Amino acid sequence: MAPFLVVFAVMAAAFASASGSGELTPDFYSETCPQALTTIKLVVGAAILKEPRMGASLVRMHFHDCFVNGCDGSVLLDDTDDMIGEKLAKPNNMSLRGFDVIDAIKVAVNTACLGNVVSCADILAVAARDSIVALGGSSYEVLLGRRDATTASIDDANDDIPNPFMDLPDLVDNFESHGLSLQDLVVLSGGHTLGYSRCLFFRSRLYNETDTLDPAYAAALEEQCPIVGDDEALASLDDTPTTVDTDYYQGLTQGRALLHTDQQLYQGGGGGDSDELVKYYGENPDKFWEDFGAAMVKMGNISPLTGDDGEIRENCRVVNQ
């Protein structure tokens with residue numbers, strides 16, 4: 001084939017991939033940048049090796065992105081003179097972390113792809129999966145082809161991201177508003193097998209919900225989180241905060257849930273359905289890993305921008321100029 005025909009064929013394949021039917025596919029970058037997924041995995045692995053806690057942060061960032069106007073990378077946008085974005089929203093401010101890792105991934109991927117090919121929204125989805133795998137969980141196939149938003153909203157983030165003080169009915173309503181079921185709520189909450197929370201977010205449970213707290217667990221938490229002060233003190237969401245396992249669910253049945261929202265999943269007035277799911281996943285780790293992957297894929301399909309909508313940002317923090 002003549003050289004100009006080879007170039008034309010590659011460009012045509014790239015165009016078809018970038019502006020296709022609007023459906024996400026697992027092989028979206030197979031022709032435009034076959035090195036993309038391997039590159040993301042390497043950077044994520046290095047970041048978690050340096051700081052295992054980073055895995056939980058990257059999973060959480062994908063969740064917070066998808067729950068605000070869909071999985072569109074809007075959570076990554078810095079504020080501008082004309083826009084206050086999601087980073088300063090109550091669920092994110094001084095809490096969401098890992099932006100520097102996403103920056104490093106974007107630079108590495110742009111280098112590997114010889115250009116700006118992979119969206120920031122897709123990077124978030126893949127980095128979340130790779131974090132789960134790096135910390136002992138099972139892999140799942142990420143669907144790709146998202147494009148990036150060109151705006152973000154602090155108000156939407158405050159309204160749409162569930163907060164740690166919600167009761168079960170409000171949690172169910174929130175997830176249903178995003179097309180997710182009670183089972184999705186319970187299994188995605190299993191992401192709290194990783195990571196930590198600030199005293200600010202579990203103090204109320206610690207000192208006001210003693211009837212559902214294991215006394216020894218409560219006593220240990222009181223040493224970390226006094227009734228006044230030390231808002232930034234951290235406690236792990238389960239006993240193994242850098243390992244993907246089912247200790248989280250077992251903790252719920254033992255009165256060792258750190259957050260109010262976590263304990264609401266077990267004996268929180270859900271008519272028994274959520275209780276049964278908590279017990280089921282606590283006793284069946286293989287099923288948890290399988291269903292968690294399926295729920296992450298479902299969550300990752302919330303209102304993505306595809307085709308000609310949005311853009312592929314050169315720098316995940318700012319819109320293209």
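What you are looking at is a predicted structure, and each value in this text was computed from that prediction instead of being measured.
Contact check for Lys87 versus Phe99: side-chain heavy atoms found under the 4.5 Å cut-off. Residues Leu180 and Asn174 fail the side-chain proximity criterion, which asks for heavy atoms closer than 4.5 Å. Residues Asn163 and Pro91 are not in side-chain contact: their nearest non-hydrogen atoms beyond the backbone lie 4.5 Å or more apart. Between Asp231 and Phe201, the closest side-chain pair of non-hydrogen atoms is not below 4.5 Å. The side-chain heavy atoms of Leu237 and Asp262, taken from C-beta on, include a pair separated by under 4.5 Å. Ser197 places a side-chain heavy atom less than 4.5 Å from the side chain of Leu259. Contact annotation: the side chain of Thr193 never approaches that of Asp247 to less than 4.5 Å [non-hydrogen atoms, C-beta and beyond]. In this structure, Ser131 and Ile48 have side chains that are in contact, with non-hydrogen atoms separated by less than 4.5 Å.
Across every non-hydrogen atom of Leu234 and Arg198, the tightest pair is CD2-CG, 3.8 Å. Nearest approach of Val319 to Ala149, heavy atoms of both residues: CG1-O, 4.5 Å. Taking every heavy atom of both residues into account, Leu305 and Gly310 meet most closely at CD1-CA, 4.1 Å. Taking both residues in full, the closest heavy atoms of Asp160 and Val68 are given as OD2-CA, 4.1 Å, listed atom of the first, atom of the second, then distance. Here the closest non-hydrogen pair linking Met296 and Ala128 is CE-CB, 4.0 Å. In terms of heavy-atom proximity, Leu76 sits nearest to Cys120 at CD1-CB, 3.7 Å.
Salt bridge annotation for Lys298-Asp184: present, with a cationic side-chain nitrogen under 4.0 angstrom from a carboxylate oxygen. Here Asp309 does not pair with Arg147 in a salt bridge; the nearest charged N to carboxylate O distance is not below 4.0 Å. Between Asp122 and Arg146, at least one side-chain nitrogen of the basic residue sits less than 4.0 Å from a carboxylate oxygen of the acidic one, meeting the salt-bridge criterion. We find that Arg256 and Asp238 are not joined by a salt bridge, their nearest charged nitrogen and carboxylate oxygen being 4.0 Å or further apart.
Under a 3.5 Å cut-off, the side chain of Ser303 and the backbone N or O of Gly70 do not form any donor-acceptor pair. The backbone N or O of Thr240 sits nowhere less than 3.5 Å from a side-chain atom of Thr243 that would complete a donor-acceptor pair. Judged by distance alone, the side chain of Gln250 and the main-chain N or O of Gly282 form a donor-acceptor pair under 3.5 Å.
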Passes side-chain contact (heavy atoms from CB on, under 4.5 Å), Lys41 versus Thr38? Steps please.
CA-CA 5 Å; Lys41 181 178 180 180; Thr38 300; 5.7 Å; no
Between Tyr280 and Lys287, is a side-chain contact (heavy atoms from CB on, under 4.5 Å) present by the stated rule, with each step listed?
CA-CA 9 Å; Tyr280 176 72; Lys287 191 61 178 171; 3.0 Å; yes
Evaluate Met299 against Leu188 for side-chain contact (heavy atoms from CB on, under 4.5 Å), listing each step before the verdict.
CA-CA 9 Å; Met299 183 188 76; Leu188 287 171; 4.3 Å; yes
Working for ring pair (Phe, Tyr, Trp, His ring centres under 6.0 Å), residues Phe67 and Phe175
CA-CA 9 Å; Phe67 265 55; Phe175 271 64; 5.1 Å; yes
Can Leu96 and Ser57 be said to form a side-chain contact (heavy atoms from CB on, under 4.5 Å), step by step?
CA-CA 7 Å; Leu96 210 61; Ser57 298; over 6 Å; no
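Note that CD1 of Ile312 is 10.0 Å distant from CD1 of Ile123, once rounded to the nearest 0.5 Å. Atoms OH and CG, from Tyr207 and Leu213 in turn, are 11.0 Å apart once rounded to the nearest 0.5 Å. Taking OG of Ser138 as the reference point, atom CG of Asp286 lies at 7.0 Å (rounded to 0.5 Å). Atoms OG and CG, on Ser95 and Leu200 in that order, are 9.5 Å from each other to the nearest 0.5 Å. One finds the CZ atom of Arg317 at 11.5 Å from the CG atom of Asp79 (value rounded to the nearest 0.5 Å). Atom CZ of residue Arg129 and atom CZ of residue Phe292 lie 12.5 Å apart, to the nearest 0.5 angstrom.
The neighbour count for Met83 CE, taken as heavy atoms of other residues, nucleotides or ligands under 6.0 Å away, is above 12. Enclosure of atom CG in Asp81 is not indicated, since only 12 or fewer non-hydrogen atoms of other residues, nucleotides or ligands lie within 6.0 angstrom. Atom CG of Leu42 has more than 12 heavy atoms from other residues, nucleotides or ligands within 6.0 Å.
Partner of Asn92 under the side chain to side chain donor-acceptor pair (under 3.5 Å) criterion, out of His64, Arg60, Arg97: His64 alone.
Under the 3.5 Å distance criterion, with hydrogens and angles disregarded, no donor-acceptor pair is assigned to the side chains of Glu311 and Thr150. A donor-acceptor contact closer than 3.5 angstrom links the side chains of His260 and Asp167. In this model, a donor atom of one side chain and an acceptor atom of the other lie less than 3.5 Å apart for Asp72 and Ser74.
Taking the six-membered ring for Trp and thresholds of 30 and 60 degrees, Tyr281 and Phe288 have ring planes more than 60 degrees apart, a perpendicular arrangement.
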